[in-house]
Amino acid sequence: MSELTDTAASPAPSAPQELPHALPKEPAKEPAKDLVIEYLLAKRPDLGTIDPDYDLIDNRVLDSLGFVNFLYVLEEQTGREIALEDVSPEDFRTLRRIRARFFDAE
């Protein structure tokens, strides 16, 4: 039993070492943009991915019924209120336009 309680003989734990096969650290992703894509894919899981220039309106990823909810998601992710009179349907046509209008303009 003394072997279990004797801590003088055991070496101090060393700091964790990075494994040689560890993946290189990537720059942090932009979580707000990722959440917008996740929201849209949840509405249309059949797409799998969404190309930045895919027409979200013509392809009914965004429609009039879901538009208000999508505005709420954008407001939550950007931290800004979005007034309907300040936007047009073209601002929401593609992911590229959404990013440029609501995220890159910050």
- Item | Which atom of Ile82 lies closest to which atom of Glu75, heavy atoms considered | N-OE2, 2.7 Å
- Co-membership, hydrophobic cluster, residues Tyr72 and Val61, 4.5 Å side-chain: no
- Scanning both residues in full, the closest heavy-atom pair of Gln77 with Val36 reads CG-CG2, 4.5 Å
- Tell me, with the steps shown, if Ile37 and Thr49 meet side-chain contact (heavy atoms from CB on, under 4.5 Å). CA-CA 8 Å; Ile37 294 170; Thr49 61; over 6 Å; no
- Rounded to the nearest 0.5 angstrom, the CG-CD distance for Leu74 and Glu76 is 10.5 Å
- Would you give the length of the straight line joining atom CZ of Arg60 to atom NZ of Lys43, rounded to the nearest 0.5 angstrom? 9.5 Å
- Could you tell me whether the side chain of Thr94 reaches within less than 4.5 Å of the side chain of Pro52, counting heavy atoms only? no
- Task: Identify the two heavy atoms, one from Arg101 and one from Asp86, that lie closest to each other, and give their separation to 0.1 Å.
- Result: NH2-O, 2.7 Å
- Side chains of Asp34 and Tyr39: does their closest heavy-atom pair fall under 4.5 Å? no
- Message: Within the 4.5 Å heavy-atom criterion, are Val73 and Leu35 side-chain neighbours or not?
- Response: no
- Do other residues, nucleotides or ligands put more than 12 heavy atoms under 6.0 Å from the CD atom of Glu81? no
Give every donor-acceptor pair under 3.5 Å between a side-chain atom in residues 63-71 and any protein atom, sequence neighbours left out.
| unit_1 | atom_1 | unit_2 | atom_2 | d |
| --- | --- | --- | --- | --- |
| Asp63 | OD1 | Leu65 | N | 3.3 |
| Asp63 | OD1 | Gly66 | N | 2.8 |

- State plainly whether the residues Arg99 and Asp104 are in salt-bridge range, i.e. N to O under 4.0 Å. no
- Determine, stepwise, if the pair Phe92 / Phe102 fulfils ring pair (Phe, Tyr, Trp, His ring centres under 6.0 Å). CA-CA 10 Å; Phe92 304 92; Phe102 301 103; 5.2 Å; yes
- Going by the ring pair (Phe, Tyr, Trp, His ring centres under 6.0 Å) test, which pairs reach into residues 41-65, not counting sequence neighbours? none
- Query: When rounded to the nearest 0.5 angstrom, what is the spacing between CZ in Arg93 and CG in Asp58?
  - Reply: 5.0 Å
- Item | Ion pair Arg97/Asp91, N-O distance below 4.0 Å | no
- Between Leu56 and Leu95, which heavy-atom pair has the shortest distance, and what is it? CD1-N, 3.9 Å
